[in-house]
Visitor: 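What follows is a structure written as structure tokens; I'll ask about it next.
In what follows, residues are counted from 1 in the order of the sequence shown.
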Amino acid sequence: MSLAQVHYTSAAPGDEGTAGRFTAVGPGVSGALLAEIEPLVRYELPGGVPERPSDGELRSLPQAFGYFSLSDGSRLVARSAPVRDAGGTGAGVRFHAHAVHLPPGVPLPGDRLPVEAWRSPHWVAVTPGGATPDPLALPPGPAAVSEGLDDFAVSRGPWLAAVLADLRRAGDTEAAGRPVALVERQCADVARWLGLASVTLPRESAERLTFTTYTRRPGSSASRVVGVLPEDAAAARAAGLRVHECAGPAPAGGTEDVWATTAARVWRSRSPELFQAARELPGEPFAAGPLAVTALCAGIALGPDGRAAAAGWAADRPYALDAQRTGRLVEAIASPGIDDRTAAEFDAAGRLFGALEGRCPASVTAPLAAMLVTEAVRGGNGSLELPRRDAFAGPEGAEVAERLGPEILTELADTVGSRSVARTVQLLRVARLLGVDGTESLPGVVDRLAPALLAEASAAQEGPPGFAPALLELLDEQFEVRTALLGALDRIAPQDPGAVARFLERVALPFTGTQALPHLRMCAEVPEAMATLGGDRAAVWHRVLRAAGLSPFAEPLVLRTAVGLVWEDRAPTVEEARLLLDAATSDSHRVAGTWARLVDAALSTSTAGTSATGTSATGTSATGTDEAARLAHDLLRGFPGEIGGRERAGLLLLDLVRELRTGAPEPGWAERVRTLCAQAEPVEPALRERAHAALVERLLAPDRPGAELYDFVHGADAELIAAYDRTARTASVRSRLRAQPAYAADCFTVWTAHPHAGRAWPPVAAALLDDVLRPAVRGMSAEDVAEVEATVGRTGSSGRADAFRDWNRSSTLGRLGRRIAGRVRRG
């Protein structure tokens, strides 16, 4: 069908107030469309143009060739060109616009793209005769797109990838970003860029790419791609367009768009026909994989990202290529001359090998297998997906094994340098693939690998560590490595069972076979036991110990593992410690080293804080302290050669507390308390308080030996005397004083017997007489007071009885005097 055409001419000299006028309009173009078309076809001369240019200068002026979308869904292809005003050589410059209107859904003749009309000879610079021109057909120009584009692409190599990436985005309506400004000295070069885009992009994207090859006002242009001269580049940048100054120095950076980078290499290789070949392969329109595969099969060298994209695409579609192209792709990816491979490329190559293995002859996949294992050994890439063992059954495998075997054995035998778990696992797996015998080095390897597993896993974030999948594959592949490694982990588990248990929670090692592995089985059992039994640590301990399958009498180290698992970060309670002590012999605890945890239990329980009344600061009774003291006694008897230093002194102090409260300790109580406290330094304050309390409670008892009391008083230990003072003032002592005249008499004798025993005792004794004993005697009946006096006389002397009467009388007179004084004041 014929297409309606429009002609527009700028205002002639003297036509003030108008920008131009339509001189011819074809049928079907409404007035509303003309109002929309007019700003699109206007033309503005570049700066510095002479008022009356020569013919050569006129021909060198830019032409605005554009393709626009209109509001009704139709499109417009237009050319606006400067022309000489009527009047001859000396006349000024006007412009003439010639446009072709394309209704919705109607293409250009021959179904050509708009940019292909760029060099059409049917563009005119004058209005045809007649008021309304006949509809004219507009055939495409002669090979306008393909002619000379290869040379142009090579000349624009530094900008090629970045511009193609932006042109792709400009033609994508869903990802429409900022418009693109192409800065060129010639508008024909902007058209050539659009010609490159029409060949590179899929047709639907090229048809959506609206453009103009020249404008002075890039910020107000409705096109997705605009061409500007160098003097207008700053205006384009200020308007927020993506500016490519192709007329200036080469850009320093590139683009991360792998599709665009690959397309640029295809253009520089002068192979534009590959774009159509790539579009025939399955995949998204702008996926880099199909184009990269096509380029590599055509012998075009790509970078690591392009090769990775090709390998990844082929791995996902192993049947998309025929045998010939598959072979070419493998040769290109595994070429020995490549030295810039990345980890992502190796991973993609590994996936490609896995997809092709079994589908292609071994001769086809052998280069990939050799490349992968070489990288695993020399490149240190521990995340590679390795080939299966049968990939190296042929002569290619023997050659690779001969080349890499000595390197593998040398590195595995190195016990000095640092080597990660992933690296060790990879080396062991590659050694098996290549049939390299590492039996001699295996014990040393696993002895080093086992603690490294725990260290790296504890340093990693939550979840399985990165080496876990490869490690499990190694253990599944190599029975001898699994046996040796599990044995090594079982041997080190008693040293740090908590770390082993946490490791097994994150990495489920396969130890369900015939190996005993008692410690590993205990470490694997403890999480479920704790979840099931909760805070009952004794029950958890029994269950974990049963999981070992061995008696602590036969294998004492299971005691250490079980205790470390259940009481890893705390000491057992005294009841739990008693359970542990009774569960095995002292010899078993001695071998396992668990006696130290029992000592911690005894000393920790002793520091809960008990007052002289037998109640702790938190309100608990002294029963726990008595149990700890009995445990201390048994530990001292069971491990006499192991317990020493301050721990031994602390246990002896606890044992002395037990004897002071329940038995007959050896003489020298106060001195022993002082000595043991000094030996147990830094002694816990609560333990010191308990020892002092037990001592003074015994000294306050009426049946204490006089020699012990004498030593205590004359020892002049201010801390012990202060403890005595605190205990004597407690409610239990006051109650006994009021209820037992004999006890009151005994206290009077003691508190008056040593008036010159140093500086600490006399003031305390005098204060106790006034503050504690006097109120108790004051509350007694006359008969009880008389009994106190008689008891003082019997146990002391008549002089001591007289002293009690004088002391008591002074109290009575004092009360009487206070009564008289009160009456006088009231009178």
Visitor: Check Ala592 against Leu557 and note the closest heavy-atom contact, atom names and distance.
Guide: CA-CD2, 4.2 Å

Visitor: Side-chain contact, heavy-atom cut-off 4.5 Å: Tyr724 with Leu700?
Guide: yes

Visitor: Between Gln478 (side chain) and Leu428 (backbone), is there a donor-acceptor pair under 3.5 Å?
Guide: yes

Visitor: Check whether the side chains of Thr585 and Ser588 place a donor and an acceptor atom closer than 3.5 Å, and report yes or no.
Guide: yes

Visitor: Can you name the closest pair of heavy atoms from Gly650 and Leu603 and give their distance?
Guide: C-CD2, 3.8 Å

Visitor: Working to the nearest 0.5 angstrom, can you tell me the gap between Thr561 OG1 and Met522 CE?
Guide: 5.0 Å

Visitor: Going by the rule salt bridge (Lys or Arg N to Asp or Glu O under 4.0 Å), which residues pair with Glu642 if we only count those two or more places apart in sequence or in a different chain?
Guide: Arg590

Visitor: Tell me, which pairs form a salt bridge (charged side-chain N to carboxylate O under 4.0 Å, His left out) where one or both residues lie in residues 497-507, sequence neighbours left out?
Guide: Arg502-Glu568

Visitor: The test is side chain to side chain contact (heavy atoms under 4.5 Å, CB included); show your working for Ile333 and Leu352 and say whether it passes.
Guide: CA-CA 10 Å; Ile333 292 176; Leu352 176 59; 3.8 Å; yes

Visitor: Apply salt bridge (Lys or Arg N to Asp or Glu O under 4.0 Å) to Arg419 and list each qualifying residue two or more places apart in sequence or on a separate chain.
Guide: none

Visitor: Determine, stepwise, if the pair Ile492 / Leu489 fulfils side chain to side chain contact (heavy atoms under 4.5 Å, CB included).
Guide: CA-CA 5 Å; Ile492 67 175; Leu489 285 171; 4.1 Å; yes

Visitor: Start with the C-alpha distance between Met371 and Glu375, add both sets of side-chain angles, then the distance that settles side chain to side chain contact (heavy atoms under 4.5 Å, CB included), and finish with yes or no.
Guide: CA-CA 6 Å; Met371 181 190 77; Glu375 168 64 12; 5.7 Å; no

Visitor: Mark yes or no for whether Arg537, through its side chain, and Val566, through its backbone, hold a donor-acceptor pair below 3.5 Å.
Guide: no

Visitor: Arg658: which residues meet the salt bridge (Lys or Arg N to Asp or Glu O under 4.0 Å) condition with it, sequence neighbours left out?
Guide: Asp655

Visitor: Among all residues two or more places apart in sequence or in another chain, which pass the salt bridge (Lys or Arg N to Asp or Glu O under 4.0 Å) test with Asp536?
Guide: none

Visitor: Does any N or O in the side chain of Ser458 come within less than 3.5 Å of the main-chain N or O of Ala455, such that one atom is a donor and the other an acceptor?
Guide: yes

Visitor: Is the number of heavy atoms from other residues, nucleotides or ligands within 6.0 Å of CD (Glu402) greater than 12?
Guide: no

Visitor: About how many Å separate CG of Leu471 and CZ of Arg429, when rounded to the nearest 0.5 Å?
Guide: 10.0 Å

Visitor: Does the His589 side chain pair with the main chain of Leu580, one donor and one acceptor, at a distance under 3.5 Å?
Guide: yes

Visitor: Write down the atom of Glu456, the atom of Ser420, and the distance for their closest heavy-atom approach.
Guide: OE2-CA, 3.4 Å

Visitor: Where do Arg672 and Leu652 land on the side chain to side chain contact (heavy atoms under 4.5 Å, CB included) test, with the steps shown first?
Guide: CA-CA 10 Å; Arg672 285 183 62 195; Leu652 288 171; 5.7 Å; no

Visitor: With salt bridge (Lys or Arg N to Asp or Glu O under 4.0 Å) as the criterion, how do Asp490 and Arg521 come out once you've worked through the C-alpha distance, each side chain's angles and the decisive distance to 0.1 Å?
Guide: CA-CA 9 Å; Asp490 193 69; Arg521 297 183 190 279; over 6 Å; no

Visitor: Strictly by modelled atom types, are Glu576 and Trp567 linked by a side-chain donor-acceptor pair under 3.5 Å?
Guide: yes

Visitor: What I want to find out is whether Arg578 reaches Glu627 closely enough, with some N-O distance under 4.0 Å, to be called a salt bridge.
Guide: no

Visitor: Give a yes or no on this: more than 12 heavy atoms of other residues, nucleotides or ligands lie within 6.0 Å of atom CD of Glu681.
Guide: yes

Visitor: Compile the donor-acceptor pairs under 3.5 Å between side chains in residues 525-534 and protein atoms, sequence neighbours left out, one pair per line.
Guide:
unit_1 : atom_1 : unit_2 : atom_2 : d
Glu525 : OE2    : Arg543 : NE     : 2.8
Glu525 : OE2    : Arg543 : NH2    : 3.2
Thr532 : OG1    : Glu528 : O      : 2.8

Visitor: Name the residue from Leu509, Val500, Val507, Leu485 that meets the side-chain contact (heavy atoms from CB on, under 4.5 Å) definition with Leu453.
Guide: Leu485

Visitor: Evaluate the salt bridge (Lys or Arg N to Asp or Glu O under 4.0 Å) criterion for residues Arg698 and Glu708: first the C-alpha distance (whole Å), next the side-chain angles of each, then the deciding distance (0.1 Å), finally the verdict.
Guide: CA-CA 10 Å; Arg698 190 63 183 273; Glu708 296 295 340; over 6 Å; no

